[in-house]
**Student:** 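Have a look at this one before I ask anything.
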Amino acid sequence: MQQIEDELEKSSEKYQYLIKYAPTGIYEVDAHNRFRSVNEVMCKALGYSEKELLSMAPSSLLYPESRKRFQQRTHDILAGKAVDESVEYHVKTKNGSGLWVVMKVKFIQKNGVIDGALVIVHDVTERKRSERALLSAERKYRRLFETTQDGIMARNLEGRMINCNPAYAKMLGYTRKEIKSLSVRQLIPEKWHNQRDRVVKKVIETGHSVLFEREYRRKDGSVFPASVRTWRLTDGKGKAIGIWSIVREISLQKQQQKSLEEHAGVLEQIVQDREKRLKDNERLVAIGQTAGMVGHDLRNPLQALTGELYLAKTELASFPQGEGRSNLEESIHVIEEQILYMDKIVSDLQAFVQPIHIDKKPVGLQELLSAVIQTVTIPQNVTIKLENSGRSLQIRVDPHLIKRVLINLVTNAVQAMPSGGRLYVLAKVDSHGHVSISVEDTGVGIPDRLKSQIFTPLFTTKPRGQGFGLAVCKRVIEAHGGTICFESSEGKGTRFTLDFPAA
Ligand SMILES: Nc1ncnc2c1ncn2[C@@H]1O[C@H](COP(=O)(O)OP(=O)(O)O)[C@@H](O)[C@H]1O
Ligand SMILES: [Mg+2]
């Protein structure tokens, strides 16, 4: 008997020892749910001394929600219901911070009734915290997955869909259910299949892709560009089981990029035009500077030439008729024409660069028009019609300058009819005294694209043109307070009209 008692004592000692030093919290309660014993780990974790704890009711250590569960559980036990062996509670510590614990409860029976319980307590606060963090992170990711505008999708190694978010399905015009049964090849135009194979291979090898672009095909057949980034999908052990991608539609960006490029193109064109105009201006200034000089210097020898030529012509008249004389006459005629041409260039230049002084005088319309027609050499294949409704009328203009304008217009008209045509010069005066003079031809016409440029100085389409004629006309007419305008249709002819206000 003594031996049994000794044994018991020994085992009880061992048992007490274990409880005291075990690295987990252990306590015992009696049938009335009062602490019978608590171990050191328990005291430390809760921040109370052993004495303090033994004077407290275990349930008073629980947070309200846990206390409720505790009461329910006690109720169940008393009612003889089966309960889980382990239970999780939120426990208050002395300093107010809480602990999450899992308790394993072993009921102690005595004579068939519950006499108390031995409870082992595990602190699971850390695990609980990281579980919570995980849960909230997962919730965040899920929300992102569901709501982001970017398409997200995962596929297995065979290209079968594992999952995709609503944005991905919407972007492609399918429901999520429809799209799950489609292979990736059905969603991208064939010309991108090779690229996809390459990307997948690379992603499986290296883990991810760079940002790249490809096209997708919607359910309705329309194709759109997208930027894509892809990652390797692994099972828990790092084995590749597929890929997942983020797909962003970039139609708008592409469009914007295109219109930006177009815009840049237009800007470039404007800059080029400006540059050209600046260059033209520089040219004009340079021309202006030299024109005065050259004009002045050429004027005199030209006059001398004209004089000499006149003498030569008179002299020639006394030569006997014959081949020699008519050859000479022919030469003199050519020289005369060329001198006239040189004179015209010089006058245009000067008219353009010099400030215009207008010296208005009364001029008879009829005389003015006939003088013009006589000055310009009209080829045989051009018929000319002169109509003047204000035959006897006098207009107040600068006769030299207006003559120059009309000569320019008639010259242009003749030049526009290299294979002949009709030239029609019409002068009209209305009852208010407005004078309008038009010069019309049946020549080549002015192409629409050139219409805005013809009054620009230096603009010419002729191999030997100066491009000053119309610029001078405009300057002169505007200096008179009048206007110059034109109508032209390509291949049919052109009409320039001068309008002068009533004198
Ligand atoms: N009657 C016309 N018919 C067709 N084109 C014309 C006519 N008049 C002017 N143009 C066009 O306008 C350009 C400018 O004329 P202008 O200023 O007189 O310079 P230029 O005669 O030296 O070329 C001409 O090169 C030609 O292309
Ligand atoms: Mg001209």
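Ligands are counted one by one from 1 in listed order, and the atoms in each one are counted from 1 as well.
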**Student:** Is the side chain of Ser183 donor-acceptor paired with the backbone N or O of Gly159 at a distance under 3.5 Å, no angle test?
**Tutor:**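 It does not hold such a pair.
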**Student:** Tell me: protein heavy atom nearest atom 11 (C) of ligand 1, and distance?
**Tutor:**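 The closest heavy atom on the protein side is Ile454 CG2, 4.1 Å.
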**Student:** Atom 19 (O) of ligand 1: which protein heavy atom is closest, and how many Å away?
**Tutor:**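 Result: Gly467 CA, 3.3 Å.
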**Student:** Which option wins on minimum heavy-atom distance to atom 6 (C) of ligand 1: Leu450, Val472, Ile446?
**Tutor:**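 The residue whose heavy atom sits nearest atom 6 (C) of ligand 1 is Ile446.
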**Student:** Any ion pair linking Lys191 and Glu215 (charged N to carboxylate O, less than 4.0 Å)?
**Tutor:**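 Result for this pair is yes, salt bridge flagged.
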**Student:** Taking 4.0 angstrom as the limit and counting only heavy atoms of Gln466, give me the atoms of ligand 1 inside it, by number and element.
**Tutor:**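 Heavy-atom distances to Gln466 below 4.0 Å select 22 (O).
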**Student:** Has the side chain of His480 got a donor or acceptor atom that lies under 3.5 Å from a matching backbone atom of Phe500?
**Tutor:**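 Side chain of His480 to backbone of Phe500: no pair is present.
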**Student:** Within the 4.0 Å heavy-atom shell around Ala416, which atoms of ligand 1 are there?
**Tutor:**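 So the atoms of ligand 1 that pass are 2 (C), 3 (N), 4 (C).
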**Student:** Of the protein's non-hydrogen atoms, which lies at the shortest distance from atom 27 (O) of ligand 1, and what is that distance?
**Tutor:**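 That would be Thr461 OG1, 2.5 Å.
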**Student:** Classify the contact between Thr494 and ligand 1 as side chain, backbone, both or neither, using a heavy-atom distance cut-off of under 4.0 Å.
**Tutor:**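 For Thr494, the contact with ligand 1 is made by the side chain alone.
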**Student:** Does the residue Gly443 have a heavy-atom contact with ligand 1, meaning some pair of atoms that are separated by less than 4.0 Å?
**Tutor:**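 The answer is no: ligand 1 sits nowhere under 4.0 Å from a heavy atom of Gly443.
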**Student:** Please list the nearest protein heavy atom to atom 16 (P) of ligand 1 with its residue and the distance rounded to 0.1 Å.
**Tutor:**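 Nearest neighbour among protein heavy atoms for atom 16 (P) of ligand 1, to 0.1 Å: Leu470 N, 3.7 Å.
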**Student:** When you measure from atom 18 (O) of ligand 1 to every protein heavy atom, which one gives the shortest distance, and what is it?
**Tutor:**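 Residue, atom and distance for the closest contact: Asn412 ND2, 2.9 Å.
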**Student:** Using a cut-off of 6.0 Å, state whether more than 12 heavy atoms not belonging to Tyr310 lie near its atom OH.
**Tutor:**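 Result for OH/Tyr310: open.
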**Student:** For atom 24 (C) of ligand 1, which candidate among Gln415, Glu440, Gln453, Lys462 holds the nearest heavy atom?
**Tutor:**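 Result: the heavy atom closest to atom 24 (C) of ligand 1 is in Lys462.
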**Student:** Are any non-hydrogen side-chain atoms of Lys180 and Asn163 less than 4.5 angstrom apart?
**Tutor:**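 Touching, per the 4.5 Å side-chain cut-off.
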**Student:** Please verify the inter-ring angle class for Phe496 with Phe455; under 30° counts as parallel, over 60° as perpendicular, anything in between as tilted.
**Tutor:**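 The arrangement is perpendicular - the two ring planes meet at more than 60°.
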**Student:** Do the side-chain N and O atoms of Glu440 and Ser438 include a donor-acceptor pair separated by under 3.5 angstrom?
**Tutor:**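 No, no side-chain donor-acceptor pair sits under 3.5 Å.
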**Student:** Is Phe455 touching ligand 1 with its side chain, its backbone, both, or neither, if touching means heavy atoms under 4.0 Å apart?
**Tutor:**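 It is neither part, as no heavy atom is under 4.0 Å.
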**Student:** Report yes if the side chains of Arg325 and Pro320 come closer than 4.5 Å at any heavy-atom pair, otherwise no.
**Tutor:**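 Side chain of Arg325 against side chain of Pro320, heavy atoms only: no contact under 4.5 Å found.
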**Student:** Short check: any N/O/S atom of Thr411 below 2.8 Å from the Mg ion (ligand 2)?
**Tutor:**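 False for Thr411.
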**Student:** Classify the side-chain pair Tyr216/Arg218 by whether it contains a donor and acceptor separated by less than 3.5 Å.
**Tutor:**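 The answer is no; no qualifying pair exists.
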**Student:** Phe486 near ligand 1, heavy-atom distance under 4.0 Å?
**Tutor:**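 Distance cut 4.0 Å: Phe486 fails for ligand 1.
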**Student:** Counting non-hydrogen protein atoms only, what is the nearest one to atom 1 (N) of ligand 1? Give residue, atom name and distance.
**Tutor:**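 Its nearest protein heavy-atom neighbour is Asp441 OD2, 2.9 Å.
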**Student:** Among all protein heavy atoms, pick out the one at the shortest distance from atom 23 (O) of ligand 1; state its residue, atom name and that distance to 0.1 Å.
**Tutor:**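 The protein heavy atom lying closest is Thr460 OG1, 2.6 Å.
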**Student:** Examine the side chains of Thr147 and Arg143 and answer whether a donor and an acceptor come within less than 3.5 Å of each other.
**Tutor:**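 Side-chain D/A pair, Thr147 to Arg143: absent.
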**Student:** Would you say Leu187 and Ile179 make side-chain contact, with heavy atoms under 4.5 Å?
**Tutor:**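 Yes, their side chains come closer than 4.5 Å.
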**Student:** Any idea which part of Asn408 is under 4.0 Å from ligand 1, heavy-atom wise: side chain, backbone, both or neither?
**Tutor:**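 The answer is neither.
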**Student:** Tell me, do Lys128 and His90 make a side-chain contact under 4.5 Å, heavy atoms counted?
**Tutor:**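 A side-chain contact under 4.5 Å is absent here.
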**Student:** Which of the atoms of ligand 1 are close to Gly465, meaning less than 4.0 Å from one of its heavy atoms?
**Tutor:**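 Once the distances to Gly465 are compared, the set is 22 (O).
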**Student:** Looking only at protein heavy atoms, which one is nearest to atom 14 (C) of ligand 1, and what is the separation?
**Tutor:**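 Ranking protein heavy atoms by distance from atom 14 (C) of ligand 1, first comes Phe459 O, 3.4 Å.
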